[in-house]
Amino acid sequence: MDDDFYASSTNVRPPSSAWRSVAWGAITSPNVVLALLLGPFIIAIVTRYLSGRSVEASSNGKAKRPWKLPYWVPGVGHGFPFLMNPVKLMREAGDRSPHDMFSLNLGGTTHNIISDPSLVRSVMAQRESTLLFKPIAISVVRKFFGIPPESVRKFDKVWDEMNATTSYLMREPHIGIMIDRTVHYLENHIPQMITFTDADIDLQPWERWANASYISSTETEINLMTLMRDMMGNASVPAMFGSAFIEKYPDILHDIYATDAGMYFFLLGLPAWTPWPGVIKAHIARRNVWQALDEHQRALDALALGKPFDYSWGELDDVSEFIVKRNEVQRRNGFEIRERGEFSVLWALVVNSSLLVYWQLLYILSVPGLADRIRAEIAPYVTVTQGATIGKISETPKLHISHPELSRNCPLLKSTYFEALRMSDQPWSVRQVGQDVVISGDKKADDPATYLLKKGEYVTIPHDLHMKDPKYFKYPEEFDPERFLVTKEDGSVEANMGTIRPYGGGPSWCKGRIIAERECLAQVAGILAFWDITPADKQAGWVIPKQKKTAAVSLPVHETRVRIKRRVFDWER
């Protein structure tokens, strides 16, 4: 008999073909198709049911675990709605929770959201070893500003020394010198703010960016937000980084704006080639800013070492002590040019106070009679004097601003500053829980809220949730210029910030808050003293735009078009 063990048979299918048939049959089975269709839906329903957590007692007796907003997608949690509209999600959760805090699941990590002022104070009073700020700051520096990941060790090593340099932003005489420089630029720029010319080449750079439209030799139509933002940037950046920096890189402000607009893209780690509007623009803008900062650092290195550098930088003798000291610390500790964190300083300097000036001025102009009340209040401290006259040629009037008195003696102006912060600022404070900790609310209450936060979780304080809470602020969506005015025992009136935290708190408390306040008050007061501003559409009047979330002070969703004329002064009447 022949051995047919190795003989092929046309009646036997190859194993792979048989397996494919079985697999295909299984896949096309009605039960499997039904499971594939209904499975994700069932998982989402079950996740929604199981993920919500009511306030529950912990093993610490009175301490409770925060209420958790339920979610649909396992592993992702509230990630998608958070990325789409974090403020809306938090407000929705806050409305649904009758408690002082709640928690969200972001990619498998618990974020405890706190808005109650007494709980916020309890969080801010914790030691750095309990609620960690450093990991958050370094993560933002690495992801958003683009510091190389391998440089994290260097930042960790010099953390305390770099933080010590912030004394130059908070103590005299350094802070006074920096504010004086900023106000000096404002005193020069504000009278030259509008050129009243129809020749584009003769316009100021801020006029071109703000789409100035010539009306007459005494009137111009222009975009208010862009104008105010660029005016502040052109005063604050030279005061800190020196005048040559913005002269060499005249587009630097708008590169910073574009980088800021892409913050969420960077925090998500999206590469430049991501097919999503704005991603590549944000990457290009960040690269441009880094190139400018790198060259600035090289020039400062050469200056410190007595080496020659590009003459176009000038003497660099007007660079602030703060930047010079940071350069010295980083150079001494072996930081390469590309590793230095000056992007964070430049970004913070540009994106917040410059936008706030727009909101404060717009709110003031929108309230009938308020601008004139503030002009009367600031009159002793903001003066406009006649320029020199030769024949029929007159020099531009001179502006003088006494910024310390604006902060000390002009409570109505300062109250509008606080109210503009409350209305438009949306800062967050974020901490990582380093060890289990119990935080408590108002201890004077009969039953103060007490919560347990567990190691590895995060604490997120969206300060705008409190600043827009009707429990603490009557008609929170309305601008009240006198909201922060307080009458003292001696009958005098002052502006008191109260419970709002527009500058954050704890270790992340904005170190430049004093500078920000002084320069904002100076610019708003100077513009009110020198210019008359009316809405371009007189029929529509003043329209307050809706706000778009940024890292701190909100952007308007649309521009505010205005007409600007120089005021008529006493010697001209």
Side-chain angles (χ1 to χ4, degrees), residues 182 185-238 243 246-247 249-258 260-261 285 350-351 353-366 371 384 387 394-399 519-520 522-545 548 553 555-569 572:
T182 303
Y185 283 110
L186 289 172
E187 289 173 335
N188 288 335
H189 292 338
I190 289 175
Q192 307 287 343
M193 186 173 78
I194 304 296
T195 55
F196 302 113
T197 178
D198 58 353
D200 185 72
I201 194 172
D202 294 327
L203 293 175
Q204 297 281 14
W206 47 76
E207 289 182 282
R208 283 193 290 271
W209 282 106
N211 195 21
S213 177
Y214 176 81
I215 303 298
S216 70
S217 60
T218 60
E219 187 172 15
T220 286
E221 185 172 310
I222 199 166
N223 291 335
L224 184 64
M225 187 276 290
T226 303
L227 176 65
M228 291 299 100
R229 187 162 69 164
D230 282 12
M231 285 285 294
M232 177 59 76
N234 275 277
S236 60
V237 171
S243 57
I246 205 162
E247 289 172 3
Y249 302 99
D251 295 341
I252 193 71
L253 295 176
H254 290 265
D255 283 326
I256 296 169
Y257 305 152
D260 183 62
V350 169
V351 301
S353 57
S354 57
L355 271 173
L356 186 63
V357 169
Y358 157 75
W359 288 111
Q360 184 184 1
L361 185 61
L362 178 61
Y363 283 126
I364 289 172
L365 294 171
S366 69
V384 181
S394 297
E395 191 180 24
T396 302
K398 303 292 186 181
L399 175 67
E519 63 186 16
C520 286
Q523 181 167 329
V524 170
I527 288 172
L528 287 175
F530 206 93
W531 299 99
D532 278 324
I533 306 175
T534 57
D537 186 342
K538 296 187 182 300
Q539 185 174 359
W542 290 109
V543 176
I544 306 297
K548 181 166 60 175
V553 178
L555 274 166
V557 297
H558 61 75
E559 261 288 6
T560 302
R561 197 76 177 160
V562 298
R563 294 280 184 97
I564 297 183
K565 291 182 177 181
R566 184 165 65 79
R567 299 188 68 212
V568 178
F569 302 110
E572 297 174 312

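Counting begins at 1 with the first residue of the sequence.
- Within the 4.5 Å cutoff, no side-chain heavy atoms of P535 are placed close to those of L365.
- Side-chain contact between I533 and I527 is present, with at least one heavy-atom pair separated by less than 4.5 Å.
- Without hydrogens or angle criteria, R229 side chain to Y358 main chain gives no donor-acceptor distance under 3.5 Å.
- Counting heavy atoms from C-beta outward, V524 and L528 have side chains that approach closer than 4.5 Å.
- Using a 4.5 Å cut-off on side-chain heavy atoms (C-beta onward), D230 and P205 make no contact.
- Contact between N223 and R561 at its shortest, heavy atoms only, is OD1-NH1, 2.9 Å.
- Nearest heavy atoms, F196 versus R566: CZ-N, 4.2 Å.
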Q: Show the numbers, then the answer: is there a side-chain contact (heavy atoms from CB on, under 4.5 Å) between L203 and T197?
A: CA-CA 7 Å; L203 293 175; T197 178; 3.7 Å; yes
Q. Can you check side chain to side chain donor-acceptor pair (under 3.5 Å) on T195 and E207, steps first, answer last?
A. CA-CA 8 Å; T195 55; E207 289 182 282; 2.9 Å; yes
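- You'll find the side chain of I190 reaches within 4.5 Å of the side chain of W531, heavy atoms only.
- If you take CG on L186 and OG on S236, they are separated by 8.5 Å, rounding to the nearest 0.5 Å.
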**Q.** Stepwise side-chain contact (heavy atoms from CB on, under 4.5 Å) test for W209 and D251
**A.** CA-CA 10 Å; W209 282 106; D251 295 341; 3.5 Å; yes
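- For the pair I222 and V562, the minimum side-chain heavy-atom distance is below 4.5 Å.
- Taking CH2 of W542 as the reference point, atom CG of D537 lies at 11.0 Å (rounded to 0.5 Å).
- Between I246 and P238, the closest heavy-atom pair is CG2-CG, 3.8 Å.
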Q) Would D532 and T534 count as a side-chain contact (heavy atoms from CB on, under 4.5 Å) if you check the C-alpha gap in whole Å, the side-chain angles of each, and the deciding distance to 0.1 Å? A) CA-CA 7 Å; D532 278 324; T534 57; 5.8 Å; no
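- Side-chain atoms of Q204 come within 3.5 Å of backbone atoms of Q192 as a donor-acceptor pair (strictly under, hydrogens ignored).
- To the nearest 0.5 angstrom, S366 atom OG is 10.0 Å from L361 atom CG.
- Between atom OH of residue Y185 and atom CG of residue N234 there is a gap of 10.0 Å, rounded to the nearest 0.5 Å.
- A 4.5 Å side-chain heavy-atom check between M193 and M228 finds at least one atom pair inside the cut-off.
- Separation of atoms CZ (F530) and CD1 (I194) is listed at 11.0 Å; rounding is to 0.5 Å.
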**Q.** Test log, rule side-chain contact (heavy atoms from CB on, under 4.5 Å), inputs V237 and V350
**A.** CA-CA 7 Å; V237 171; V350 169; 3.6 Å; yes
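- Looking at every heavy atom in both residues, I215 comes nearest to E221 through CG1-N, 3.7 Å.
- When all heavy atoms of A536 and R563 are compared, the closest pair comes out as CA-CG, 4.0 Å.
- Here the closest heavy-atom approach between residue V543 and residue T560 is recorded as O-OG1, 4.5 Å.
- Side-chain contact between M225 and L555 is present, with heavy atoms from C-beta onward closer than 4.5 Å.
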